[in-house]
S.K.: 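Got a structure for you, written out below as structure tokens; questions coming shortly.
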Amino acid sequence: MAKWLFKSEPDVFSFEQLLAKGMAGEEWTGIRNYQARNNMRAMKLGEQGFFYYSNTGKAVVGIVEVCKLIHPDSTADAPAWECVDIRAVAALPRAVTLDEIKLEAKLKDMVLVNNSRLSVQPVSEVEWAHICKLAGYKG
DNA sequence: GCCAACGTTGGC
DNA sequence: GCCAACGTTGGC
């Protein structure tokens with residue numbers, strides 16, 4: 001199972017808002033970038049990802065999972081953009097900040113560090129495990 | 001608030 | 001098909 005990272009600005013859509021959606025989750029709309037779209041196309045049901053706060057947050061704050069496969073983005077006009085749905089799994093016991101991530105040798109190749117603008121990113125198993133450890137999160 | 005990085009657009 | 005101009009994102 002692949003691992004992912006979803007970015008959101010906390011004042012636009014927070015992890016708390018996703019938690020409030022419960023098991024139904026929420027359509028991850030608004031992605032207008034082909035690389036990010038392609039990452040979502042590759043997602044399978046039940047695959048997990050980090051929920052990252054960009055801009056004012058700059059920290060990984062929660063775990064999410066894919067609860068609906070790629071489908072047309074209901075907010076898109078032509079060309080037909082697509083998205084998945086995700087739901088909250090758990091808030092991390094401790095948020096892991098971008099500063100911390102940058103200090104970790106194991107995390108130096110993260111897309112988050114090297115291509116910060118990509119809004120939906122793949123995360124390697126090693127990176128996943130290490131961030132969970134830093135967060136005090138035990139799957 | 002600034003600016004670097006990146007993607008997209010449009011003129012040629 | 002190239003590349004300059006522009007808009008957006010996100011870290012600082």
Side-chain angles (χ1 to χ4, degrees):
Chain A
M1 298 263 278
K3 299 292 194 295
W4 309 97
L5 182 144
F6 297 82
K7 274 197 310 207
S8 180
E9 294 186 47
D11 48 358
V12 175
F13 189 78
S14 70
F15 190 69
E16 285 69 29
Q17 284 172 274
L18 186 61
L19 268 173
K21 299 285 181 180
M23 290 299 280
E26 177 80 344
E27 209 184 350
W28 200 246
T29 57
I31 302 298
R32 301 291 182 270
N33 172 284
Y34 290 106
Q35 229 181 319
R37 196 275 320 270
N38 289 343
N39 287 333
M40 290 194 292
R41 280 187 176 177
M43 292 178 186
K44 301 188 179 77
L45 278 181
E47 284 187 339
Q48 296 197 327
F50 291 128
F51 195 97
Y52 173 81
Y53 281 162
S54 61
N55 285 324
T56 55
K58 282 186 293 178
V60 177
V61 297
I63 306 285
V64 300
E65 73 180 11
V66 177
C67 62
K68 189 173 178 185
L69 291 174
I70 193 83
H71 61 83
D73 179 337
S74 63
T75 68
D77 44 11
W81 289 100
E82 300 167 316
C83 65
V84 296
D85 287 17
I86 60 174
R87 66 178 167 230
V89 172
L92 292 178
R94 201 184 133 272
V96 179
T97 66
L98 181 61
D99 287 346
E100 288 177 83
I101 287 170
K102 286 186 162 181
L103 289 173
E104 296 289 325
K106 282 180 184 169
L107 304 178
K108 70 172 171 48
D109 292 327
M110 275 191 80
V111 179
L112 189 66
V113 175
N114 298 296
N115 182 7
S116 61
R117 289 192 52 192
L118 185 59
S119 56
V120 179
Q121 314 177 353
V123 173
S124 77
E125 289 297 336
V126 169
E127 291 158 359
W128 181 268
H130 198 61
I131 288 178
C132 286
K133 186 180 165 191
L134 292 174
Y137 177 73
K138 313 195 192 314

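Chain letters run A, B, ... following the sequence lines, proteins first and then strands; every chain starts at 1.
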S.K.: So how far is it from A:K102 NZ to A:K108 NZ, rounded to the nearest 0.5 Å?
M.R.: 14.5 Å
S.K.: Using the heavy-atom set of chain A and a strict 4.0 Å cut-off, write down the first and last nucleotide of DNA chain B that makes it in, 5' to 3'.
M.R.: B:dA5 to B:dT8
S.K.: Answer with base, sugar-phosphate or nothing: what part of the nucleic acid does A:Y53 contact at a heavy-atom distance below 4.0 Å?
M.R.: nothing
S.K.: Please go through A:L103's hydrophobic cluster and name the other residues, only I, L, V, M, F, W, Y counting, with side-chain heavy atoms under 4.5 Å joining them.
M.R.: none
S.K.: Would you indicate whether the side-chain heavy atoms of A:M40 and A:C83 approach each other to under 4.5 Å?
M.R.: yes
S.K.: Strictly distance-based, threshold 3.5 Å: is any side-chain N or O of A:E26 a donor or acceptor partner for the main-chain N or O of A:L18?
M.R.: no
S.K.: Evaluate the side-chain proximity of A:R87 to A:K21: yes if any heavy-atom separation is below 4.5 Å, no if none is.
M.R.: no
S.K.: A:V123: which other cluster members, linking ILVMFWY side chains closer than 4.5 Å, directly or transitively?
M.R.: A:L5, A:F50, A:Y52, A:V60, A:I63, A:V89, A:L92, A:V96, A:L98, A:I101, A:L107, A:M110, A:L112, A:V113, A:W128, A:I131, A:L134, A:Y137
S.K.: When rounded to the nearest 0.5 angstrom, what is the spacing between CZ in A:R117 and CD in A:Q35?
M.R.: 11.0 Å
S.K.: Enter the inter-axis angle for the ends of the helix from B:dG1-C:dC12 to B:dC12-C:dG1 (five pairs per end, rounded to 10°).
M.R.: 10°
S.K.: Report yes if the side chains of A:Q121 and A:K7 come closer than 4.5 Å at any heavy-atom pair, otherwise no.
M.R.: yes
S.K.: Are A:E100 and A:R94 within salt-bridge range, i.e. N to O under 4.0 Å?
M.R.: yes
S.K.: Just to be sure I understand the geometry, which residues of residues 5-14 of chain A put a non-hydrogen atom under 4.0 Å away from DNA chain C?
M.R.: A:K7
S.K.: Are A:D73 and A:R37 within salt-bridge range, i.e. N to O under 4.0 Å?
M.R.: no
S.K.: Tell me, which of residues 104-119 of chain A have any heavy atom that sits under 4.0 Å from an atom in DNA chain B?
M.R.: A:N115, A:R117
S.K.: Between A:W28, A:F51, A:Y53, which is the residue that forms a ring-ring contact (aromatic ring centres under 6.0 Å, His included) with A:F6?
M.R.: A:W28
S.K.: If Ile, Leu, Val, Met, Phe, Trp and Tyr residues are connected whenever their side-chain heavy atoms lie under 4.5 Å apart, and connections chain through other members, are A:L19 and A:V66 in the same group?
M.R.: yes
